Each structure stands twice: as C-alpha cells, then as structure tokens.
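Report on one structure; see the data block that follows.
Order of appearance sets the numbers: ligands from 1, and atoms from 1 within every ligand. Quick caveat, the model's predicted, so the values are computed rather than measured. FYI, side chains are in, hydrogens and waters are out, and symmetry mates aren't considered; it's all heavy atoms of this structure.
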Amino acid sequence: MFRYMTFAPLVAAAGLALGAPARAEGTVEVLHWWTSGGEAKAVGELKQSFEAAGGTWIDSPIAGGGGDAAMTALRARVVAGNPPTAVQLKGPGIQEWAELGALADVEGVAAAEGWDGVLPPVLAAIMKSDGRYVAAPVNIHRVDWIWANPEVLARAGIDTMPTTWDEFNAAADKLIAAGITPLAHGGQPWQDATIFENVVLGVGGAEFYRAALVNLDPEALTSPTMVAAFDQLRKMRGYVDANFSGRDWNLATAMVMNGEAAFQIMGDWAKGEFLAAGKVPGKDFVCAPTPGGGFVLNADSFTFFKVSGEDNIAGQQKLASLIMSPEFQKTFNLAKGSIPARTDVPLDEFDDCAKLSHADLLKATEADTLVPSMAHEMAISRSVRGEFLDLVTEFFNSDMSSEDAAQRLADAVKRAM
Ligand code: GAL
C-alpha cells in the first residue's frame with residue numbers, strides 16, 4: 001500500500017494551516033558538490049523544502065564533479081574542528097567517518113519513520129554504523145548508461161543503440177567516418193574511472209567486476225579479462241575529441257545535447273542536465289545500459305557530523321526526515337536523473353529511462369548482477385580507489401600497454417590495501 005505522507009509534511013501542513021507558518025527551529029550548513037545545472041536544480045529542491053519547513057539552510061557547495069574536491073574540503077573542515085552539519089557522503093566513506101566517531105546518528109528519526117521498511121536492504125546497510133542510521137539516502141543513481149543524440153546517430157546511419165562493446169566500436173567507427181566525434185568525454189580521473197568500470201562490467205561480467213574492483217583479487221586484476229578490459233578502454237581513447245582533457249562532465253553532456261558528439265558514457269546525473277536544458281527523453285536524447293546486463297549502483301546520501309547546539313541538531317533531524325519523505329524523494333529524483341531510494345514511491349511521473357533503471361535494478365538484484373560503483377565511492381576505501389583512478393587515468397593518457405596496466409594496477413592496489 002502506498003503511503004504518501006510521513007511525519008515531516010504533516011508538521012509543515014499543520015503549521016501552515018494554523019496561520020503563521022510554524023517557525024520551527026533547525027539550521028544546517030550543507031557541504032555538497034552539486035553545482036552543475038541539473039545538480040543545482042535538484043539540491044535546490046532540498047533547500048526549498050527545508051526552508052519551507054521553517055529551517056535555515058547555509059549552502060556550502062564545493063565545485064568539482066564526482067566529489068573529490070568536496071571530500072578534500074571536508075577533511076580540512078574536520079581537522080580544523082569545524083565540521084559541517086550535513087555532508088554529501090556515501091558508501092564506505094560513511095563507515096570510515098563513523099569509525100572515527102565523527103558522525104551523529106539519526107536513528108530516532110529512522111525508527112519513528114520506519115526507514116528499514118522502505119529501503120532496499122543493500123542501501124540501508126550502507127547508511128548504518130553499528131546498526132544505527134548515520135546517513136539518509138536521497139537517490140539511486142545508475143552509472144552504467146550510454147546517452148546519445150539520435151539526430152547525430154542518424155547522420156551516420158545508426159538507428160539502434162549498441163548492446164555490446166563490439167557494436168559500440170562499430171558505431172564509433174561509422175561516426176568517425178562521417179566526421180562526427182563518437183564519444184563526448186571529460187578527461188578527469190573520476191570520469192576515466194566511470195568509463196573503466198562500465199567496460200569491466202561489460203567485458204568480464206558482474207562476478208569478475210566484484211572480484212577485481214570490490215574484492216581486489218590480484219588474480220582478477222592481472223587476468224586476461226582485465227587485459228581485455230584495458231584493450232577496450234584503449235579503443236575508446238581513440239573515440240574522444242582532441243580537447244577532452246580536463247573537461248567537466250556536464251560540458252561533455254552539452255556536447256551530446258548540441259550535436260557535437262554522439263555518445264556520452266556517464267551515470268544518470270547526465271539525464272538531469274538534459275532535463276534541466278528542457279530536452280525530451282526519447283526525442284532529444286536516448287538512454288541505453290552499457291553492455292554487461294548488470295547495474296552499477298551509486299547512491300547519494302547525506303551524513304550528519306557531530307556538532308553542538310540544539311538548533312544544529314534539530315536541523316539535522318529535520319533534514320534527515322525531509323530527505324526520506326516520499327514527496328521529496330519524488331521531486332528531487334525527477335530533477336536529479338536518478339530514482340528514489342525509497343521503494344514505495346510510484347514512478348508514474350518518471351520517464352522511460354528511470355523506469356528502465358528501476359526494472360533493471362530489480363532484475364540485477366534477482367540475478368546478483370548488482371555491483372557497487374568503484375568510481376563513485378560505493379565499493380572500496382578512498383585510498384584504494386585513488387590507486388584505481390591514478391592508474392586508469394595514466395593509462396588513458398599514455399601508450400601504456402594493457403598488460404602493463406593490469407600488472408601495475410594489481411601492484412598499486414596491493415600497496416594501498
Ligand atoms: C557522483 C554523484 C552524483 C553526481 C556526480 C557528478 O559521485 O553521486 O550525484 O553529482 O558525482 O558530480
């Protein structure tokens with residue numbers, strides 16, 4: 001049975017119904033990295049909802065897709081003894097900070113609102129430390145997507161999306177022959193790693209992905225399959241334009257939007273850019289999973305650092321409740337390009353890409369082909385992830401052989417573990 005209302009909107013509605021809006025206290029300073037068009041629109045939904053419920057929102061955006069700059073800023077703030085009230089943080093990073101005793105829990109809100117009953121178990125587990133919620137999930141992003149401009153594809157006589165890497169390569173060769181840039185890409189480590197992990201899934205499958213990128217098995221890291229994945233990544237290096245280095249991810253999305261390139265391989269936050277620009281899914285852009293038949297999970301969440309002051313603590317509780325309210329989960333994810341973290345939010349207002357994401361999430365959960373994104377800090381520690389990003393980016397920007405890349409990756413990971 002679908003439950004629209006939870007505690008938070010009822011309180012807000014009651015406040016409004018009594019005349020003067022309930023000037024409930026609650027202040028949060030929020031550190032996040034959502035600064036692109038689509039991201040800013042989505043986080044604006046959270047800010048507006050929080051202020052509408054009487055809260056005071058202090059915005060602390062740290063530009064830089066993928067969040068590495070934000071995480072550096074966070075560490076500096078904590079070392080200075082001045083942590084933000086709430087931080088965009090996810091995956092093992094939540095556990096790392098919780099183990100340092102830096103996080104406040106929102107277990108009271110979670111228990112009162114029954115979060116366990118409306119979150120996928122894999123997600124609920126990521127949000128908890130010692131069985132208590134220390135984070136609230138805002139969404140489920142999918143990383144393994146190919147975005148395309150159908151009009152550009154048609155110019156090269158391509159009318160279907162590739163379902164294998166061989167088909168992708170064949171389409172890219174046709175696009176090159178037609179004088180069109182096949183792959184819009186931003187040459188930044190996290191973006192190189194995003195393509196890399198999707199290639200690993202497609203070349204080796206979910207079990208191999210887990211062995212290599214989650215369990216860090218040296219056999220898998222130095223296997224012929226990993227060499228084949230680097231071979232495919234090498235081919236894709238030949239499909240990007242000359243000015244890819246350092247490009248922000250959303251400018252690569254704009255290249256597809258404006259017809260300057262055919263494809264972008266990026267998580268569905270790219271869809272947030274298309275939508276923010278008024279583009280229509282299925283008409284101005286199309287989506288298709290990258291080869292592999294899996295689902296690369298990247299869930300955004302906010303954690304709550306231990307801070308003093310009743311007003312800050314009230315703000316944390318209010319923000320946690322708001323994030324998990326069904327209404328916010330709908331409005332935020334419609335803008336962000338992701339799907340709700342809550343399992344009880346109807347998707348009838350969502351587009352076909354979102355509905356496919358949801359359907360494939362269920363299928364991947366059933367088939368055990370759901371994998372956590374390494375590139376987006378869902379799979380391994382930041383230090384080991386850093387070795388992956390460094391090696392993959394060096395490979396992408398050099399003539400390193402696939403065999404050397406696999407061996408050097410295994411050696412680097414071993415050193416960092
Ligand atoms: C991811 C984050 C997404 C999106 C992307 C680009 O790590 O989970 O929400 O913001 O970075 O910045």
Self-check item: salt bridge (charged side-chain N to carboxylate O under 4.0 Å, His left out) partners of residues 74-93, not counting sequence neighbours, each pair once
Solution: E29-R77, K90-D300

Quiz item: What about F244 and W249, are their ring centers closer than 6.0 Å?
Solution: no

Practice problem: Could you please spell out the steps behind the side chain to side chain donor-acceptor pair (under 3.5 Å) verdict for T194 and H376? | Solution: CA-CA 8 Å; T194 297; H376 295 274; 2.9 Å; yes

Quiz prompt | Protein residues that have a heavy atom under 4.0 Å from any atom of ligand 1, sorted by chain and number | solution = W33, W34, E39, G65, G66, K90, H141, W190, W249, W269, N298, D300, K336, H376

Quiz item: Does a salt bridge link K363 with D360, judged by any charged N lying under 4.0 Å from a carboxylate O?
Solution: yes

Exercise. With sequence neighbours left out, write down each residue that passes side-chain hydrogen bond (donor to acceptor under 3.5 Å, both in side chains) with S129, or none if nothing qualifies.
Key: none

Exercise. Can you sort out the partners of H358 under side-chain hydrogen bond (donor to acceptor under 3.5 Å, both in side chains), two or more places apart, ordered by chain and number?
Key: none

